[in-house]
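For reference, the structure discussed in these notes is given below.
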Amino acid sequence: ANLSPLQKLRYEYQPKLPTVLKGDVKNITVELGSPTESIANQAEVKDLFKKTYGLPVAKFVEGTNENAGKVINVGVILSGGQAPGGHNVIAGIYDGVKNGNKDSKVFGFKGGPAGIMNGNLVEITPEFMDEYRNTGGFDMIGSGRDKLESTEQFEMAKATCEKNNITSVIIIGGDDSNTNGAVLAEYFAANNAGITVVGCPKTIDGDLKNEHIETSFGFDTACKTYSELIGNIQRDANSAKKYWHFIKLMGRSASHIGLECALQTQPNICIISEEIEAKAQTLDSVVDDIVDVVVKRSQNGDNFGVALIPEGLIEFIPEMNVLISELNNLLAIEAESFAKAVGFDEQVKWIISKTTKAASDVFASLPKGIQAQLLMDRDPHGNVQVSRIETEKLLIEMVDKKLNDLKAAGKFSGSFNGLNHFFGYEGRCAFPSNFDADYCYSLGYTAFLLMNQGLTGYISNVKNLDKPATEWVAGGVPLTMMMNMEQRHGHLKPVIKKALVELDGAPFKEFKANRDEWAVNTSYLFPGAIQYYGPSEVCDLTTRTLALEKK
Ligand code: FBP
């Protein structure tokens with residue numbers, strides 16, 4: 001077959017499991033804690049989850065398991081963006097299920113949540129599973145961004161499960177997919193469908209974490225991949241000494257990826273969206289901060305540098321947020337009138353005449369290319385596609401303009417050549433690091449154990465991740481425990497709270513304590529490529545974020 005040498009070798013990698021999960025399934029039992037509460041809005045959440053609210057936290061320990069040999073048929077869904085390790089979650093589930101009883105079956109729903117709704121599924125055979133062990137990507141069964149949330153869709157899912165005799169569904173997804181998983185679990189329980197639902201915490205963005213979930217899988221590998229590339233660019237910048245590299249990093253809203261990469265590589269600048277919002281900074285002042293660093297470095301003769309920009313920045317700049325929401329409303333309500341403005345200049349005039357002064361001032365100050373993106377790239381709901389906005393180019397252009405003004409005023413005598421990059425997709429399907437390979441396999445195995453115990457409405461949970469895998473603790477957290485009520489599309493809905501960067505958290509504090517030094521002095525770190533084989537200190541490293549949070 002068409003396999004790289006690394007892929008062949010990775011097939012043989014045996015993911016590490018917590019000690020308690022290593023033995024016979026007959027000797028692993030569950031310990032249940034006391035009833036739990038949701039993180040906020042307890043009465044409202046309880047009312048919406050009559051059957052699954054308040055369940056106890058589960059932990060797996062050594063002991064006799066009466067359910068060990070029970071036959072269960074499981075269906076797995078990969079939901080949303082790719083994250084390295086998804087295939088190993090499936091491998092953990094598969095091996096657990098088969099260790100429980102050879103007659104149990106595992107199915108993969110194809111193309112994400114659409115697969116369970118449309119009855120598009122494939123049975124996972126031993127050969128099929130072996131082709132994907134320890135590989136990146138979601139190509140084994142595919143993923144999708146369809147939402148599984150309405151009663152009609154739940155009924156379709158139920159029909160698919162009944163037809164194929166599936167008694168447990170596992171949703172591997174982020175905060176939204178797990179929120180929908182919780183609602184599905186409740187629906188099945190309330191309708192005595194006899195189908196349990198368990199989630200697994202996935203996303204490179206790192207924003208599905210809380211008191212119980214230490215990290216989402218994929219974050220480790222994605223950040224290591226980006227950090228390798230950032231390190232390489234830093235070395236190139238320091239060699240050529242003539243470019244400023246502006247690198248936008250994926251991560252949707254939260255800046256966890258940017259922060260982690262900054263801790264791994266020590267660049268000259270890393271913007272943290274959450275801080276910009278907290279300080280209510282304007283776009284202009286964000287640009288001023290960058291200009292300040294460029295000028296200081298050039299005074300030392302260093303006309304080069306590296307700046308990391310989180311993908312979600314635009315939405316966290318309050319004035320940009322105002323502009324975007326005005327544009328979203330305006331273009332939806334007055335679409336016909338807008339259509340009459342022919343040509344770009346007319347469209348810009350139309351926008352400036354229709355928006356509030358605050359919004360039109362910001363709009364007018366933006367470079368043409370960005371104005372055009374704000375008007376053109378809209379999603380199916382007519383909203384501006386924030387992640388498509390080329391913030392890295394916007395900042396280069398605005399920094400360049402300010403530096404030219406400073407030069408004219410005799411306040412800047414260096415040079416500034418900005419180059420832009422965007423790192424996102426290149427990190428989502430890398431071979432999972434040993435950490436993600438082990439973590440995902442353990443999450444999958446734990447998900448099997450939760451189903452084996454007949455538990456529903458839980459997310460698979462593996463903790464103590466800063467320790468060696470043998471000391472990891474496996475269990476399950478009730479999904480309702482992570483919920484609160486939030487406004488979504490004008491309605492109050494129960495959702496799993498998204499974790500943003502905490503400005504009083506250890507990772508941000510560490511960055512803050514060092515960033516002035518990194519800005520002016522060239523203190524680059526070069527993490528190099530992910531190491532799959534070799535000494536444990538390079539192969540089994542966790543993220544800096546995790547290490548600092550657990551300290
Ligand atoms: P999930 O939240 O579904 O894990 O996706 C993460 C992500 O990679 C974000 O970082 C990014 O903004 C988005 O997906 C890109 O989406 P798409 O794959 O649809 O282009």
Side-chain angles (χ1 to χ4, degrees), residues 77-89 111-115 136-139 141-149 171-181 199-210 213 215-227 229 247-261 272-274 308-316 324 373 377-381 383-392 421-430 432 436 439-440 443 459 482 488 495-501 543 545:
I77 301 172
L78 290 169
S79 181
Q82 282 71 250
H87 291 159
N88 267 29
V89 179
F138 281 4
D139 44 336
I141 54 173
S143 184
R145 289 202 181 278
D146 296 281
K147 301 255 175 281
L148 179 55
E149 55 188 353
I171 300 179
I172 303 173
D175 52 340
D176 279 345
S177 307
N178 275 290
T179 293
N180 292 343
C200 284
K202 172 232 73 169
T203 180
I204 62 161
D205 297 353
D207 56 9
L208 172 50
K209 66 173 171 183
N210 50 48
I213 297 179
T215 188
S216 57
F217 79 76
F219 177 70
D220 183 85
T221 309
C223 289
K224 284 175 178 160
T225 305
Y226 304 139
S227 296
L229 300 175
I247 306 171
K248 184 170 81 172
L249 292 167
M250 238 185 203
R252 210 183 286 280
S253 309
S255 306
H256 299 294
I257 292 182
L259 179 56
E260 172 62 27
C261 291
I272 301 297
S273 306
E274 290 84 343
L308 307 184
I309 324 287
E311 166 174 80
L313 174 64
I314 289 285
E315 280 176 291
F316 285 78
I324 289 169
Q373 274 176 356
D377 288 341
R378 323 192 68 79
D379 72 9
H381 308 285
N383 293 330
V384 170
Q385 284 187 281
V386 181
S387 71
R388 296 269 179 88
I389 297 174
E390 292 170 309
T391 335
E392 67 287 23
H421 311 260
F422 169 41
F423 296 159
Y425 300 99
E426 40 279 84
R428 298 201 310 186
C429 287
D436 270 329
Y439 180 42
C440 288
L443 282 172
I459 189 164
M482 308 181 333
R488 294 284 159 97
V495 295
I496 294 174
K497 199 164 186 255
K498 201 186 254 312
L500 297 178
V501 169
T543 57
T545 303

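Counting starts at 1 for both ligands and their atoms, following the listed order.
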Is there at least one pair of N or O atoms, one from Met250 and one from ligand 1, spaced under 3.5 Å apart? no
Heavy-atom contact check, 4.0 Å cutoff: does Gln82 meet ligand 1? no
From Ser273 OG over to Leu259 CG, what is the distance, rounded to the nearest 0.5 angstrom? 11.0 Å
From Leu308 atom CG to Ile247 atom CD1, the distance as rounded to the nearest 0.5 Å: 5.5 Å
Should the pair His256 and Phe219 be assigned to parallel (<30°), tilted (30 to 60°) or perpendicular (>60°) ring geometry? perpendicular
So is Ile204 polar-close to ligand 1, meaning N/O to N/O under 3.5 Å? no
When you check the side-chain N and O atoms of Thr543 and Asp220, is any donor under 3.5 Å from an acceptor? no
Using a strict cut-off of 4.0 Å, indicate which atoms of ligand 1 neighbour a heavy atom of Gly80. 3 (O)
Nearest to atom 6 (C) of ligand 1 by heavy atom, Leu249, Ile257, Asp207, Asp205: which? Asp205
Rounded at 0.5 Å granularity, tell me how far CG in Leu148 sits from OG in Ser177. 9.0 Å
Note: ligand 1 atoms sitting under 4.0 Å from heavy atoms of Gly251 are 10 (O)
N or O pair under 3.5 Å between Glu311 and ligand 1: yes
So which protein heavy atom does atom 20 (O) of ligand 1 come closest to, and at what separation? Tyr425 OH, 2.5 Å
Which residue supplies the protein heavy atom nearest to atom 4 (O) of ligand 1, what is that atom called, and how far is it? Thr203 OG1, 2.9 Å
Any idea which atoms of ligand 1 are less than 4.0 Å away from a heavy-atom of Lys202? 1 (P), 3 (O), 4 (O)
Side chains of Thr221 and Tyr226, heavy atoms from C-beta outward: is any pair under 4.5 Å? no
Using the six-membered ring of Phe422, assess whether NZ or CZ of Lys248 lies under 6.0 Å from its centre and within 45 degrees of the ring axis. yes
Any heavy-atom pair between the side chains of Pro310 and Ile257 that's under 4.5 Å? no
Can you find a non-hydrogen atom of Gly174 under 4.0 Å from ligand 1? no
Give the residue and atom name of whichever protein heavy atom lies nearest to atom 19 (O) of ligand 1, and the separation in Å to one decimal. Arg145 NE, 3.0 Å
Taking NZ, NE, NH1 and NH2 as the nitrogens, is one of them in Arg488 or Asp176 under 4.0 Å from a carboxylate oxygen of the other? yes
Option set Arg388, Arg252, Arg428, criterion heavy-atom distance to atom 18 (O) of ligand 1, minimum: Arg428
